[in-house]
Structures are given as structure tokens and as C-alpha cells.
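For reference, the structure discussed in these notes is given below.
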Amino acid sequence: MKKVFVSGCYDMLHSGHVAFFEEAAGYGELYVGIGSDKTIYELKARKTINTDEERLYMVKALRVVKDAWINKGSGVIDFLEEITFLKPDIFFVNSDGHSPIKETLCKELGIEYIVSKRIPHGNLPIRSTTALRQECRIPYRIDLAGGWLDQPFVNKHSPGAVLTISIEPDYEFNDRSGMSTSSRKKAIELWQTDIPEGDMEKLAKTLFCFENPPGTKYVSGSQDSLGIVLPGLNRLYYNGDYWPESIDSVNDAELLKWIEERIWLVPLFPRHETYDVLANTSITKDSVTQLSQAADDCWRAILSKDIDTWGKASVSSFEVQIKMFPNMVSSEILYVLEEYKTSVCGWKMSGAGGGGYLVFISERPITNAIQIRIRR
């Protein structure tokens with residue numbers, strides 16, 4: 001029989017995990033690599049409910065599992081030593097566990113790479129560990145264009161807008177991935193499981209102040225707190241200050257659905273702890289003006305549902321960002337980007353760069369990519 005390898009956390013073992021293992025075992029003998037407690041904490045910035053020894057015990061007890069172990073490595077490819085030793089015929093992953101880095105590794109090792117169809121068993125519901133935890137409905141956020149214009153050291157050169165969308169927490173996005181995970185942690189400290197009712201801008205300002213107390217060395221941009229708290233699509237216009245001069249919000253259900261259907265996220269990897277996006281910056285009035293223009297073009301294109309112009313404006317915003325902040329990208333990110341550039345309308349990073357997710361704009365489905373829901 002063929003050897004099939006899967007790797008993951010498998011915390012709070014549930015029917016979704018078992019269905020995934022059964023699907024994988026349909027291709028051959030199943031071997032399972034389990035992320036250590038240390039690795040999960042580094043990637044997710046949280047502790048597991050069950051220790052790695054408990055998770056190993058439960059996974060090994062499943063009849064479809066030939067063997068299982070705790071991976072010895074760290075990071076997204078914590079199973080490198082194990083997969084090299086095992087030499088499986090197939091590496092099987094979930095759609096939200098897919099990564100171009102994993103796919104590239106399999107090509108190099110001559111291993112077939114298969115992404116799960118995520119089929120629940122019988123009439124059972126689709127399960128995920130995230131949903132089974134105490135439900136936290138506090139969203140993430142993505143900036144669509146104009147990122148960095150919420151910082152006074154940028155917008156002092158020229159005013160401009162940042163476009164953000166508030167993202168429902170359907171996935172447990174990796175820590176340090178440009179989805180405002182740091183601001184979201186502060187929001188959870190403040191409000192536990194959901195954003196309270198009230199004046200949304202005042203709540204966002206409360207979160208911004210809570211995250212940036214007096215004496216903070218590096219002030220997080222207010223697009224993070226506003227992007228999390230304000231539902232829908234928002235245009236935040238900055239003019240020499242940390243807080244926007246004006247806010248335009250769109251909550252039209254039809255337009256938000258149109259945006260959702262055309263955004264695709266391809267996972268990369270979390271930013272390294274030592275990553276410094278502010279090194280080697282080159283900020284000029286001309287570049288800030290170009291960034292502002294790209295954001296305006298993007299805003300108008302989205303409102304008119306012009307995907308081609310939206311895509312071009314997104315690329316323009318991305319290119320001027322990396323001209324100003326070269327550390328936003330790496331050779332690994334550019335390598336992944338090259339695989340998709342010719343088949344999509346546009347692209348950008350999920351945040352300040354250095355890892356996380358590539359955000360693609362496309363009318364056509366993108367294989368092994370994640371789609372998001374915008375908070376209404």
C-alpha cells in the first residue's frame with residue numbers, strides 16, 4: 001500500500017479530524033505527525049487544550065492510523081525530519097493547512113500533494129477546533145490598499161486613505177500574519193468574546209488607546225483597531241495624525257458579497273520574531289502620493305465593481321509599499337507570487353508583509369486558497 005502522511009495540531013479531537021483521517025487513509029496507510037505544544041504556541045500564540053502526549057495517545061488509538069508521533073521540528077515545516085525519513089507517497093492536507101511551502105517541499109521530495117475535500121462523515125456537521133473552543137466572534141481585518149498611511153511618519157508627507165474590511169473569525173489565522181492579530185488579542189482582553197454594542201468609532205478608539213498606552217515605543221496604526229471594530233468596507237482618510245480625519249463606511253450586502261467572492265488568501269508563514277519591517281525604509285512625498293492615489297483608485301473600482309481596475313490598483317499599492325518598505329517582501333514570498341501573477345487580476349500582502357498571506361483578486365477560483373466572510 002502507499003504511505004500517506006498528514007501533519008497538524010489535532011487538539012480537542014472531534015469528528016472533523018476523524019473524517020479527515022478517514023479520507024486520507026482512503027489513499028493508503030496513514031501516518032500522522034503531530035505539532036508539539038511549543039510549535040503550536042509559536043504559530044498560534046496560544047496554548048493547546050490537550051498536551052502533545054494526550055493528543056498523540058488519542059490519534060494513535062484511531063483504527064485508521066497506522067502510526068503517529070510528535071514532530072521534532074518547529075514552525076510550519078516542523079515535520080521535515082519525519083517526512084524525509086518516512087518517504088511517503090502522498091502528503092495530505094486540509095485547505096486551511098495548505099501552504100505553497102509545503103507543496104514546494106513535496107515537489108522537491110517527489111511526494112504527491114493532495115488537498116482534502118473536507119467531507120464530513122455521513123450526516124454529521126462540518127467541525128473545526130476553532131468553532132469548538134469558547135466561541136470568540138471578535139474579527140480580524142485585512143487592508144485592501146493604502147497600508148502605512150495610518151502612520152504619521154508616512155501621512156505627514158501627503159494625506160491619503162487606507163481601505164479595510166472586517167473579517168469573520170472562520171479560521172484561526174496564524175499569529176503575526178498581518179491580520180491585526182495583536183490588536184485582536186487586545187480586543188479579547190477588553191471584551192472577551194465579542195465587540196459590545198455602542199458607538200463603533202468610540203469602541204475602536206478605546207481599543208486603540210488600550211493597545212497603545214502612554215510611552216509606547218511603536219504605536220500600532222489605528223487602521224488595526226478600526227478595521228476590527230467597524231463592520232463592512234471602510235475608507236479611513238488620514239492627514240498628519242494617528243486617527244483618521246474622516247471615515248466612509250459601506251455595508252451594502254450585495255457589494256460585500258461581490259468583494260468576498262473575489263478575494264482569495266494563499267497562506268505563507270508567520271513573520272519571524274526578529275523581523276523588522278522598518279529597516280531600510282525609503283519614504284518620500286512622491287511615493288506617499290502614489291500610495292494615496294492607488295488607494296483612491298481601488299476604492300472607486302470596488303464601488304463600481306470594476307475588478308480589472310481594482311486589481312491594477314491593488315498591485316500599484318503593493319508595489320509602492322515595497323518601494324517604501326523593502327523588507328515587506330522576501331525571495332520566498334516573491335517566488336510564491338510568481339506562480340499566481342499571470343492568472344489573477346491583482347494581489348497584495350495581508351498586512352505589513354514578511355509572511356502571513358498573499359491576498360489575490362480573481363474572478364476565477366484559486367486552487368487551495370482560503371475565502372473569507374466580511375463582517376456585516
Side-chain angles (χ1 to χ4, degrees), residues 1-40 43-44 48 50-130 132 171-172 174 266-269 336 339 365-370:
M1 293 181 69
K2 290 185 176 181
K3 288 189 286 187
V4 182
F5 177 63
V6 303
S7 183
C9 175
Y10 312 121
D11 197 16
M12 298 174 64
L13 197 68
H14 52 70
S15 62
H17 289 138
V18 177
F20 171 73
F21 292 144
E22 288 178 336
E23 187 184 352
Y27 292 91
E29 290 185 333
L30 179 61
Y31 297 83
V32 183
I34 297 172
S36 68
D37 295 340
K38 181 175 182 292
T39 295
I40 301 306
L43 289 175
K44 303 291 186 182
T48 56
N50 298 310
T51 67
D52 44 26
E53 289 296 336
E54 288 179 286
R55 290 181 282 125
L56 178 62
Y57 166 72
M58 289 187 287
V59 169
K60 289 188 76 167
L62 297 173
R63 62 178 175 78
V64 296
V65 175
K66 177 73 173 179
D67 197 9
W69 53 78
I70 298 167
N71 294 329
K72 296 177 182 176
S74 61
V76 177
I77 312 294
D78 64 332
F79 51 82
L80 182 58
E81 179 180 334
E82 289 78 12
I83 198 173
T84 304
F85 176 79
L86 179 65
K87 294 184 174 63
D89 300 284
I90 296 169
F91 184 26
F92 195 76
V93 301
N94 254 332
S95 56
D96 52 344
H98 160 67
S99 166
I101 298 172
K102 295 177 184 177
E103 191 170 8
T104 300
L105 175 66
C106 287
K107 287 179 183 177
E108 292 172 352
L109 297 177
I111 299 169
E112 185 179 358
Y113 186 81
I114 300 176
V115 179
S116 166
K117 296 175 183 176
R118 207 162 192 153
I119 304 169
H121 176 76
N123 295 320
L124 297 179
I126 296 175
R127 291 293 189 197
S128 72
T129 305
T130 303
L132 289 175
Y171 300 97
E172 195 169 11
N174 285 335
V266 172
L268 292 169
F269 39 82
V336 175
E339 294 188 25
I366 296 178
T367 305
N368 302 334
I370 297 169

Nearest heavy-atom neighbours spanning E82 and I70: OE2-O, 4.1 Å
Could you give me the CA-CA distance, side-chain angles and deciding distance for N71 and W69, then say whether side-chain hydrogen bond (donor to acceptor under 3.5 Å, both in side chains) is met? CA-CA 6 Å; N71 294 329; W69 53 78; 3.2 Å; yes
Hey, could you give me the CD1/CD distance between I114 and E23, rounded to the nearest 0.5 Å? 9.0 Å
Could you tell me whether the side chain of P267 reaches within less than 4.5 Å of the side chain of I370, counting heavy atoms only? yes
For residues F91 and C106, report the shortest heavy-atom separation together with the two atoms involved. CD2-SG, 3.4 Å
Scan L109, L30, I83 and name whichever one has a side chain to side chain contact (heavy atoms under 4.5 Å, CB included) with P88. I83
Once rounded to the nearest 0.5 Å, what's the spacing between atom CE of M58 and atom NE2 of H17? 9.5 Å
Do C9 and I34 make a side-chain contact, defined as non-hydrogen atoms from C-beta onward lying under 4.5 Å apart? no
Give a yes or no on whether the backbone of V64 and the side-chain of E22 come within a donor-acceptor separation of less than 3.5 Å. no
Sub-4.5 Å side-chain heavy-atom contact between I90 and K3: no
Spacing of CG belonging to D11 relative to CZ belonging to R55, to within rounding of 0.5 Å: 5.5 Å
Salt bridge check, K72 against E81: does any charged N sit closer than 4.0 Å to a carboxylate O? yes
Exercise: identify the closest heavy-atom pair between E103 and N368: OE1-ND2, 4.3 Å
Just by distance, do the side chain of K102 and the backbone of G97 share a donor-acceptor pair under 3.5 Å? yes
What distance separates N50 CG from L56 CG, expressed to the nearest 0.5 Å? 12.0 Å
Could you point out which residue of Y31, F20, F5 forms a ring-ring contact (aromatic ring centres under 6.0 Å, His included) with F92? F20
Does the side chain of L105 come within less than 4.5 Å of I77's, by heavy atoms? yes
Would you say the side chain of D67 lies within less than 4.5 Å of the side chain of K60, judging by non-hydrogen atoms? yes
Using only atom types and a distance under 3.5 Å, with no angle test, would you say the side chain of T39 pairs donor to acceptor with the backbone of G35? no
Please report the C-alpha distance between E29 and V65 in whole Å, then the side-chain angles of each, then the deciding distance to 0.1 Å, and finally whether the side chain to side chain contact (heavy atoms under 4.5 Å, CB included) criterion is met. CA-CA 7 Å; E29 290 185 333; V65 175; over 6 Å; no
Nearest heavy-atom neighbours spanning Y113 and S99: OH-N, 3.4 Å
Can you name the one residue among N94, V93, V6 that meets side chain to side chain contact (heavy atoms under 4.5 Å, CB included) with S116? N94
Between I101 and L268, is any pair of side-chain heavy atoms under 4.5 Å apart? no
Spell out, as yes or no, whether a donor-acceptor pair under 3.5 Å connects the side chain of S36 to the backbone of D52. no
Is a donor on one side and an acceptor on the other found under 3.5 Å between the side chain of D37 and the backbone of T51? no
For Y10 and G33 the tightest heavy-atom approach is CE1-O, 3.9 Å
